[in-house]
Amino acid sequence: MTQAEQSAADIPKAYDPASVEQRLYKFWTDGGFFAPKVDPSKEPFTIIMPPPNVTGELHLGHALVATLEDIMTRWHRMKGDPTLWLPGADHAGIATQMVVERSLAEEGLTRQGLGREKFLERVWQWVELYGHTIDEQQKRLGASCDWSRRRFTLDEGPSRAVRTTFANLFDKGLIYRGERIINWCPRCSTALSDLEVQHVEEQSFLYHIRYPLEEGVGHVTVATTRPETLLGDTGVAVNPDDERYSHLSGKRVLLPVLDRPLPVVGDDAVDPEFGTGALKITPGHDPVDFEVGQRHGLPIITAMNLDGTMNAEAGPYEGMDRFACREAILRDLEEDSLLEAIEPYAHSIGRCDRCSVVVEPLVSKQWFVSVDSLAKPAMDVVLDGRIKIIPDRFARVYLNWMENIRDWCISRQLWWGHRIPAWYCLDCAGDSIQVLFPESLAAEGLAGGTYRALSEKGLSWADMEAKSSHIFVELDASPIVGVEPPAACPACGGSDLVQDPDVLDTWFSSALWPHSTLGWPDDDDDLRYFHPTTVMETGYDILFFWVARMIMMGLANTGDIPFRYVYLHGLIRDEHGAKMSKTRGNVTDPIDALEEYGTDALRFTLVTGNTPGNDMRISAGKLGASRNFVNKVWNAARYALTIIDESPALQGWQSPSTEHRQDRWIVSRLNRVASRIQRHMEEFQFGEAQREVHDFFWNELCDWYIEMAKLRLRAGEEPSPLPVLVHVLEKSLRLMHPFIPFVTEEIWQSLKERLPEADGLPESIMVAPYPVPDDAALDQDTEEEIDLVTEIVRAIRNVRAEFKIPPSQPLQAVVELSASMAALEQEAPAIRSLARAEPLLFQAEGAPRPPADKTASAVLRGATVLIPLEGLVDTDKERGRLEQELQECLQNLERLSQRLSNTEFTGKAPAEVVERERGRLEGMEERRDRIQELLAQLE
RNA sequence: GGGCGAUUAGCUCAGUUGGUUAGAGCGCUUGCUUUACACGCAAGAGGCCAGAGGUUCGAGUCCUCUAUCGCCCACCA
């Protein structure tokens, strides 16, 4: 049986996502709906997806990205904008290299053992194997991105963009090599940028160490948290205004243990209040000391190897691990009575973002991006509003960071990534290329040295590259930088050229992503049409890592902003607000969640109560509530489909006539909600938009309209509510589709099969136009009328519940309609049936009433409901209740009349607000009169 | 040391140009096999919107201060 032949009666009672989702996703991709329909006359909508790590697994953060971006994408596509959502993946240098190294370790292999080339082969194999898991998982989330345009950061296009950018910036002097103090991770064995260091406050100690004066009498005491670095000390600094130390000016002290004489210098960087007021200067291992050292011309001594062990400069400590060395030095200082004090001390320690090993600041030759000239224009575009950050408070965070930005260390001593497009001539620079070998090769007689020296010993460059642990190039060597490898050395014409061994920071390629994915540096059609992109949607945690750098590099490369809006979402936490982590065991796997609750429910949950920039919590309770809503939609549709099968009287459903008040009402409400949704969508308030459609669908369409329509259908009334029901349902499906794409498409297809082909519906709801609110359909009076109907019904139900009268028992009700609501007598069937009021009588105000002492009553705006309850009404209680209502009413009256008699209010408040208050006052007065009337009858 | 966010019903959260008697979901209480849905229907309880000042005709919403929690940035050795 095909789906078309399936009768509505056979539709399952509960929505079954598993039987729907993968089939529909295939239907969408087969239909080619995800690819943009380029139309030069239209402004496109473009989102470039933040590329997940190529070896990653989908987590809820990705699911949130996919959901929010899919909502925007589907909405714009339905609005008719040429819409491109471009997916991709990031090679994620350090992260991926670490994962692969870990897996090699299980085989007893190391990357050095394999050599660069073999290692990279292994990484590519890994990428082939796992590179598409996230893509497949994104598809399960319903992501409607254009897979035909998928990009990987190491693809030829983006790679050429990287090399081009590098070469351009180098030519402009904005990329340079320098010897600077950088963050070094001894475990990852690479330099890191400042952003890749996590500073965490930890309990530690401040050691007070005596440095004897060279002249033999007395000492200076310095305070340090890292005693092992004293091996690299080349000076001691005091504040020049510190009188305690003025006698030391021009003198020298002796470095403990090594007895190296050190000059005492005066420098403002020293805070006399801190510690002892004297600072040991280790330019090779501390950023502040480096600067002090530069100011005073102190030499730089690097006392550590790149693996965190001490080197020859450390003398007796050579070969020790830096922390073992710390202990050893403390012992030796103690013995020499040079350790004056140990003070418990909390301070922040920098750890590697990736592996949590304590980062060692050290002086090293690295490539840097000079950011000052890039930062200014990047600040301007945010200041002048060309780029709008949502929520806007992050604009201040961005600007503040930009103002204090420092040069960006972009070289990494890794193998996986974009290799730096710089080459060196072995003939010219042979003396400047320093090759280091791992300790393990020392036994084989392999010691480090310059290329020239090693080559004279018969080692080939290939061997050096394969076996070395690191290769550094002295600053005097001139790199040949270009997009493609140079054929010959421009200086000597030699052809023995070798490429810089380092790769670029992963974020370097990420910074180009919005234009490199669209074809830059070529003058590509996609680039011309889709760039600048519209929205960059990502987490606020990578505002600096990524967003800031995209803006700088985008402006530098294309001369244009990379995107108009930056939408920053918050982090997802567990139901107690804790960060999700494997060790805590509180991780919700999105795939598990969508299998248990359905993709639409997961997406709905991720958007419920979601506000830009705010963290959110997720829980099984929320997922369940979302699943219930999806099921509600399913069942409302199931009902509608059943009716259509029974009586397919659907003429004019696309723009049905609304002679019936109920029809007019629901269409008015639909358009009002559509208009609110439009506003929220335009303002990126997806949570609010979703809430609007949820409330409309459940509380108005299902709870009232469908219930009222049932009665008309059963009675065979004319006009039939069916065309309106179908109209509103179909429009609602479209409104909801960006949020819950699967269930809406599934229902929409079933609906479409039952509608005349001539109606010209498109193939899929995802390309059906998004409902445009029609102001002409808004009908305030009708909304007020039906509001009163529902209030009358509620009032009667309320009395029924209060007096515990079972639904089976008829309940007589008398409704006194005010003159303006007199026409509501036409709604008698609905009131009678929904409230189970039998008999239901209408009468004008002033007509004789049932005996007051045997009547429960409700005073509404526009009607009084009287319910005779022989023997059930407690007159005193009823009087008490009425008196309480009267009190509340009088209080409101008091407040309203005060407000309205206040000339400040009537003079300053907008006329419509004053008018509204006046209307309220009148309504309240009328209410007061009617309550008093009822009370009088009770006397 | 700077900056940001949160503080609203028992719980989780909305509430975006200041304008009714502050909303939702979950949970709770009561009653319902009402032929779309018990993943449901109906009725209900529950809130000095963290505290104190201020601006305003009017403040959950704007300003100042305070408290608690969380986050980010920063070269206090």
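Excluded from the calculations below are hydrogen atoms, water molecules and symmetry mates; all remaining heavy atoms, backbone and side chain alike, are included. Here is how names work: the chains are called A, B, and so on, in the same order as the sequence lines, proteins then strands, and each is numbered from 1.
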(message) In this structure, how many angstroms lie between the P atom of B/U20 and the CD atom of A/E922, rounded?
(response) 18 Å
(message) Output the rounded distance in Å from CZ (A/R881) to C1' (B/G44).
(response) 14 Å
(request) For A/L701 and for A/N614, locate the closest nucleotide of RNA chain B by heavy-atom distance; then report the residue assigned to the nucleotide nearer the 5' terminus. (result) A/N614
(request) Under the ring pair (Phe, Tyr, Trp, His ring centres under 6.0 Å) rule, collect the residues that match up with A/F544, sequence neighbours excluded. (result) A/W401
(message) Give me the distance, rounded to whole Å, that separates B/A45 from B/A9 when you measure between the C1' atoms they each carry.
(response) 11 Å
(request) Could you tell me whether A/R627 and A/D600 make a salt bridge, using a distance below 4.0 angstrom between a side-chain N and a carboxylate O? (result) no
(request) Can you tell me, in whole Å, how much space there is between the P of B/A74 and that of B/U20? (result) 44 Å
(request) Under the side chain to side chain donor-acceptor pair (under 3.5 Å) rule, collect the residues that match up with A/D541, sequence neighbours excluded. (result) none
(message) Once you apply a heavy-atom cut-off of 4.0 Å, does A/P910 come out as touching a base, just sugar-phosphate, or nothing?
(response) base
(message) Can you measure A/R927 atom CZ to B/U20 atom C1' for me and round it to whole angstrom units?
(response) 14 Å
(request) Please state the C1' separation for the pair B/A22 and B/C49 - nearest whole angstrom. (result) 8 Å
(message) Quick check: any donor-acceptor pair below 3.5 Å linking the side-chain of A/R920 to the base of B/U20?
(response) yes
(request) Indicate the atoms forming the closest heavy-atom contact of A/R244 with A/P272, along with that distance. (result) NH2-O, 3.1 Å
(request) Between B/G15 and B/C41, how far apart are the C1' atoms? Round to whole Å, please. (result) 28 Å
(message) Please classify the nucleic acid contact of A/M924 as base, sugar-phosphate, or nothing, using heavy-atom distances under 4.0 Å.
(response) base
(message) Please report the distance, rounded to the nearest Å, between CD in A/E915 and P in B/U20.
(response) 16 Å
(message) Expressed as a whole number of angstroms, how long is the span from A/R396:CZ to B/G2:C1'?
(response) 14 Å
(message) Distance check needed: B/A36 P versus A/I643 CD1, whole Å only.
(response) 7 Å
(request) Identify the heavy atoms of A/W704 and A/V793 that sit nearest to each other, and give their distance. (result) CH2-CG1, 3.9 Å
(request) Could you tell me which residues satisfy ring pair (Phe, Tyr, Trp, His ring centres under 6.0 Å) with A/F545, sequence neighbours excluded, listed by chain and number? (result) A/W507
(request) Summarise protein proximity over nucleotides 67-77 of chain B in one line of letters, 5' to 3': B for base, S for sugar-phosphate only, - for none, counting protein heavy atoms closer than 4.0 Å. (result) -----SS-BBB
(request) In whole angstrom, give me the gap between the P atoms of B/U7 and B/G54. (result) 24 Å
(request) With C1' as the reference atom in both, quote the distance from B/A6 to B/U12 in angstrom, rounded to an integer. (result) 14 Å
(request) For A/R797 and A/L834, indicate whether the former's side chain and the latter's backbone hold a donor-acceptor pair under 3.5 Å. (result) yes
(request) Ignoring hydrogens and angles, state whether a donor on the side chain of A/N239 or A/D271 is under 3.5 Å from an acceptor on the partner side chain. (result) no
(request) Identify which one of A/F604, A/Y597, A/Y15 satisfies the ring pair (Phe, Tyr, Trp, His ring centres under 6.0 Å) criterion when paired with A/F629. (result) A/F604
(message) Restricting to salt bridge (Lys or Arg N to Asp or Glu O under 4.0 Å), what partner residues turn up for A/R406, sequence neighbours left out?
(response) A/E291
Please write out each protein N/O paired with an N/O of nucleotides 37-43 of chain B under 3.5 Å, distance rounded to 0.1 Å.
| unit_1 | atom_1 | unit_2 | atom_2 | d |
| --- | --- | --- | --- | --- |
| B/C37 | O4' | A/N635 | OD1 | 2.9 |
| B/C37 | O4' | A/N635 | ND2 | 3.4 |
| B/C37 | O2' | A/N631 | OD1 | 3.4 |
| B/C37 | O2 | A/K632 | NZ | 3.0 |
| B/C37 | N3 | A/K632 | NZ | 2.8 |
| B/C39 | O4' | A/N628 | OD1 | 2.8 |
| B/C39 | O2' | A/N631 | OD1 | 3.1 |
| B/C39 | O2 | A/R627 | NE | 3.4 |
| B/G40 | OP1 | A/N628 | ND2 | 3.1 |
| B/G40 | O3' | A/K632 | NZ | 3.1 |
| B/C41 | OP1 | A/K632 | NZ | 2.7 |
| B/C41 | OP1 | A/W698 | NE1 | 2.6 |
| B/A42 | O3' | A/R797 | NH1 | 3.4 |

(message) Measuring only the P atom in each nucleotide, how far is B/U68 from B/G51? A whole number of Å is fine.
(response) 16 Å
(message) Any side-chain N or O of A/T611 below 4.0 angstrom from OP1/OP2 of B/G15?
(response) yes
(message) Give the residues of residues 683-693 of chain A touching RNA chain B, defined as any heavy atom closer than 4.0 Å, sorted by residue number.
(response) A/Q685, A/E688
(message) Could you tell me how far apart A/L571 (CG) and B/G5 (C1') are, to the nearest whole angstrom?
(response) 12 Å
(message) The criterion is ring pair (Phe, Tyr, Trp, His ring centres under 6.0 Å); which residues satisfy it with A/Y540, sequence neighbours excluded?
(response) A/F394
(request) Can you tell me, in whole Å, how much space there is between the P of B/C28 and that of B/U66? (result) 42 Å
(message) A/K622: which residues meet the salt bridge (Lys or Arg N to Asp or Glu O under 4.0 Å) condition with it, sequence neighbours left out?
(response) none
(request) Starting at the 5' end of RNA chain B, write a dot or bracket for each base, bracketing those in Watson-Crick or G-U wobble pairs whose two distances are under 3.5 Å and using | for partners on another strand. (result) (((((((..((((.....[...)))).(((((.......))))).....(((((..]....))))))))))))....
(request) Return the value, rounded to whole Å, for the distance between atom NZ of A/K804 and atom P of B/G44. (result) 12 Å
(message) Checking A/T608 now: which residues fulfil side chain to side chain donor-acceptor pair (under 3.5 Å) with it, not counting sequence neighbours?
(response) A/Q690
(request) Check for a donor-acceptor pair, side chain of A/D289 on one end and backbone N or O of A/P283 on the other, with a separation under 3.5 Å. (result) no
(message) Checking A/D695 now: which residues fulfil side chain to side chain donor-acceptor pair (under 3.5 Å) with it, not counting sequence neighbours?
(response) A/R691
